Amino acid sequence: MDLNIFTGYPDWYYIICIISGILASMVLYYRERKNEFSSTVKWALGVTRFLVVSLVVFLLLAPMFKQLNRTTEKPIVVVAQDNSMSLVMSRDSLHYRTGYPADLNALIARLQEDYEVRLFTFGEEVRDAGAELFDTLAFDEHQTDISALFDMMDVRFSNRNTGALVIATDGIVNKGVNPLYEALPVTYPVYTIALGDTSVRRDAFIRRVQYNRIAFQGNDFPVELILNANKMDGATLTVSITEGQNMLKSTQVPVDGERYSKLMRLELTAGKPGTHHYVLRVKANTDEVSLENNRYDLFVDVLESKQKVLILANSPHPDVAALKAAITSNVNYEVDEALINEFTGILEEYSLVVLHQLPSANPLSPRLFTRITRAGLPALFILGEQSNTSAFNGLNTGAKVHPFSTSGRNEALPMLNESFAGFSPDRELLRIVPMLPPLNTAFAQYEVINAGGNLFQQKIGNVESSDPLWTFIDGGTGRRGVIFGTGIWKWRMKSFLLTGSHDAFNSLINKSIQFLALKEDKRRFRVTARESYAGNESIAITAELYNQSFEPVNEPDASIAITDETGNTYDYTFSRSDEGYFLDAAGLKTGIYTYKASARINEEVFTDEGGFSVMPVVAEQISLRASHSLLRALSEKHGGQMLLPSDMKNLPELLGQRDDVKPLIHAERKYVPFIDIWWVLLIIIGLLGFEWFIRKWSGSY
């Protein structure tokens with residue numbers, strides 16, 4: 001630490017301080033004529049007074065200490081150890097559980113002599129080891145995400161003296177993005193310790209499975225899989241699908257070649273409603289190195305029937321085709337379309353009716369709307385040139401249109417209403433809203449009972465208005481939606497042009513349909529659980545309890561009994577959270593579960609029932625061949641080197657040879673005013689006290 005004293009005045013001001021001290025001493029003691037003090041005492045008193053006065057005058061210059069503190073920051077070496085299951089599923093599993101951790105800790109101890117070493121494990125997520133050495137490595141993570149390491153480094157070690165990142169892994173990546181892309185901005189060297197086995201072993205396994213998680217009763221649904229077999233030329237594989245003890249499908253596949261791969265498609269028929277647990281297996285007629293990757297569990301929710309949506313139009317229009325394409329993109333909906341003159345179906349069978357340019361001058365309109373009102377069906381109106389606005393105003397939908405003329409039309413652009421709370425439009429839709437083409441609307445005065453229900457408002461040219469373009473109304477006869485113009489087919493085309501897909505438009509239509517067709521839940525006790533959970537995540541279940549005024553309460557206890565496929569029941573009690581209840585049902589294994597929850601208010605008991613599935617995470621079991629090529633590319637791209645476990649002891653020497661992995665010296669300047677230093681005041685008081693004491697001792701005043 002370096003210390004310097006300076007003031008804001010020229011150096012010759014210091015001479016004034018000295019002269020002031022000399023003058024004060026001379027006036028008081030040199031010119032003293034009474035001879036009260038001896039020559040020695042007089043000199044001591046004079047020097048003391050000189051020091052006090054000079055120091056006090058010096059303080060008037062507001063002097064400051066300038067401290068220069070130098071600190072040395074060691075380079076940070078981050079060691080990240082793969083903690084996933086694939087490492088101990090190889091033939092070297094015993095070594096990785098016993099010998100390897102000791103070798104790794106020996107390396108870390110050597111690095112700690114010259115570097116600040118930080119330890120992390122990674123798999124499904126990155127975790128701080130919180131110790132100087134790896135005490136225990138469980139190797140129990142179900143997935144491997146190397147890219148998350150670079151996200152962590154960017155957050156935790158930005159603007160630090162990061163020397164190097166050392167990644168010990170087998171290179172098997174089954175979560176996150178490609179680490180080569182995620183590591184592009186990295187400026188520090190990356191060293192990799194290549195673990196695992198790169199040899200191709202005798203093994204048959206299911207590479208990938210794709211299937212619909214929702215099916216409808218009685219419908220066929222496909223299961224697609226990629227079947228792989230290594231070093232099993234001439235063997236026969238049996239691929240089967242079972243549900244419980246029932247064999248549903250079975251087929252034999254002859255293996256042709258040392259590196260065999262085949263895309264297969266199996267058809268299943270959806271049975272009774274509920275969650276079904278299917279097991280896909282592959283079995284070889286010969287030995288193989290691992291059986292862990294020969295099974296895949298499928299969970300399919302079979303629904304009783306689809307919701308039916310009816311599109312009725314006054315006349316053919318491209319809007320109708322756009323609506324039908326969007327709604328049928330959701331597997332939960334079945335769509336019928338018809339002109340009002342041709343419709344002969346049963347209206348009450350549908351969950352929602354879309355009315356394009358209806359009501360109109362067609363004489364069938366009044367009877368149609370009487371039936372819709374009587375059935376309490378939600379409806380989405382799309383008004384156009386053929387709409388009879390007087391008849392529409394008489395339907396008491398909560399919206400009215402009063403045209404200024406019979407032929408006046410506007411080109412109205414959509415303008416998002418930020419206060420709309422019915423549902424959240426997708427981000428992609430929000431991005432393209434300003435670029436959507438206008439709808440053909442009436443030149444009219446508009447009325448809606450609740451402007452907060454407006455999803456879009458009209459923008460005519462550059463003029464923003466409060467007139468609704470797309471609104472939702474929750475009335476006494478059911479929910480109503482109104483689109484005050486035609487031409488939404490152009491939105492579908494523009495959406496595809498801007499994004500390369502119809503997803504943004506489809507999402508807008510389906511969220512609107514879902515919002516309108518949603519039935520109000522009057523239950524006073526409601527339990528919410530997801531349809532399925534992954535085996536490596538928490539099973540979060542929430543519940544809500546309401547009093548007679550439908551105000552949320554959580555003072556009473558709420559409990560839940562969860563039953564597995566074999567009849568075992570697990571009892572839990574909900575924890576209270578805010579105005580509801582929360583449960584993390586930890587420890588549930590793979591399978592299908594049903595639950596029954598209950599709560600009591602006074603003497604009333606409320607219950608709710610449902611079910612969910614816990615799906616296995618098999619990513620680490622699919623392919624056990626280490627990917628050292630990925631590790632080599634990652635190291636070479638960032639100035640590091642790939643090391644085998646037998647060579648990792650050379651890492652300290654490699655780091656020591658680098659010019660960019662060196663300590664940093666930080667210099668910090670600090671300014672301290674003399675007036676703030678307590679011991680300066682003590683010096684002044686001490687000198688004055690010394691002078692006073694000598695004078696008193698010598699008999700003077």
Side-chain angles (χ1 to χ4, degrees), residues 214-219 270 272-274 301-317 319-384 386-388 391-399 422-423 449 453 470-483 506 509-523 526:
I214 296 177
F216 293 93
Q217 186 178 15
N219 290 357
K272 62 182 181 179
D301 289 317
V302 177
L303 305 181
E304 189 169 355
S305 62
K306 298 183 180 183
Q307 283 189 294
K308 299 182 68 175
V309 177
L310 174 64
I311 303 177
L312 281 179
N314 188 65
S315 62
H317 196 281
D319 280 353
V320 175
L323 285 167
K324 183 176 182 180
I327 298 172
T328 53
S329 68
N330 188 330
V331 297
N332 293 320
Y333 293 116
E334 180 180 320
V335 180
D336 291 335
E337 60 171 310
L339 299 178
I340 187 173
N341 288 331
E342 301 172 353
F343 179 67
T344 58
I346 301 174
L347 197 60
E348 289 73 15
E349 291 182 350
Y350 297 93
S351 302
L352 179 138
V353 181
V354 180
L355 301 158
H356 191 272
Q357 300 198 92
L358 293 172
S360 66
N362 192 302
L364 296 176
S365 289
R367 182 169 174 267
L368 171 68
F369 288 105
T370 300
R371 292 174 59 192
I372 291 175
T373 303
R374 186 182 300 135
L377 291 177
L380 175 62
F381 293 86
I382 302 176
L383 303 183
Q386 300 171 17
S387 299
N388 185 335
F392 174 76
N393 293 341
L395 295 177
N396 296 321
T397 61
F423 55 82
I449 60 173
W470 192 312
T471 192
F472 298 94
I473 303 151
D474 196 354
T477 57
R479 285 184 174 176
R480 300 286 185 257
V482 184
I483 303 174
N506 292 347
I509 298 300
N510 280 306
K511 285 191 175 184
S512 298
I513 296 297
Q514 184 178 8
F515 179 72
L516 289 170
L518 185 65
K519 293 181 174 61
E520 188 175 1
D521 192 349
K522 293 291 187 180
R523 294 174 299 160
R526 310 170 189 174

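Note that this is a predicted model, so its numbers are computed, not measured. Position 1 is the first residue of the sequence, and the numbers go up from there.
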Show every donor-acceptor pair shorter than 3.5 Å between a side-chain atom in residues 336-349 and any protein atom, with sequence neighbours excluded, or say none if there are none.
| from | atom 1 | to | atom 2 | distance (Å) |
| --- | --- | --- | --- | --- |
| Asp336 | OD2 | Tyr350 | OH | 2.8 |
| Glu337 | OE2 | Lys324 | NZ | 3.2 |
| Asn341 | OD1 | Asn362 | ND2 | 2.8 |

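- Checked against ring pair (Phe, Tyr, Trp, His ring centres under 6.0 Å), Phe381 has the following partners two or more places apart in sequence or in another chain: Phe369, Phe392.
- Partners of Asn314 according to the side-chain hydrogen bond (donor to acceptor under 3.5 Å, both in side chains) rule, which considers only residues two or more places apart in sequence or in another chain, are Ser360, Gln386.
- Among all heavy-atom pairs drawn from Val320 and Ala313, the shortest one is CG2-CB, 3.9 Å.
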Given side-chain contact (heavy atoms from CB on, under 4.5 Å), test Leu323 with Ile382 step by step and report yes or no.
CA-CA 11 Å; Leu323 285 167; Ile382 302 176; 3.4 Å; yes
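- When the side chain to side chain contact (heavy atoms under 4.5 Å, CB included) test is applied to Gln514, the partners found at least two apart in sequence or on another chain are Tyr333.
- With rounding to the nearest 0.5 angstrom, the CG atom of Leu352 is 7.5 Å from the CD1 atom of Ile327.
- With sequence neighbours excluded, no residue forms a side chain to side chain contact (heavy atoms under 4.5 Å, CB included) with Pro366.
- When the side-chain hydrogen bond (donor to acceptor under 3.5 Å, both in side chains) test is applied to Ser329, the partners found at least two apart in sequence or on another chain are Asn510.
- Partners of Ser512 by side-chain hydrogen bond (donor to acceptor under 3.5 Å, both in side chains), not counting sequence neighbours: none found.
- Listed by first then second residue, pairs satisfying salt bridge (charged side-chain N to carboxylate O under 4.0 Å, His left out) with a partner in residues 362-384 number zero, not counting sequence neighbours.
- Nearest heavy atom pair, residue Pro359 against residue Ser365, reads CA-OG, 3.9 Å.
- Here Thr471 pairs with Val448, Asn454, Pro468, Ile473, Val482, Phe484 under the side chain to side chain contact (heavy atoms under 4.5 Å, CB included) rule; sequence neighbours left out.
- Applying the side-chain hydrogen bond (donor to acceptor under 3.5 Å, both in side chains) rule to Asn388 yields no partners; only residues at least two apart in sequence or on another chain are considered.
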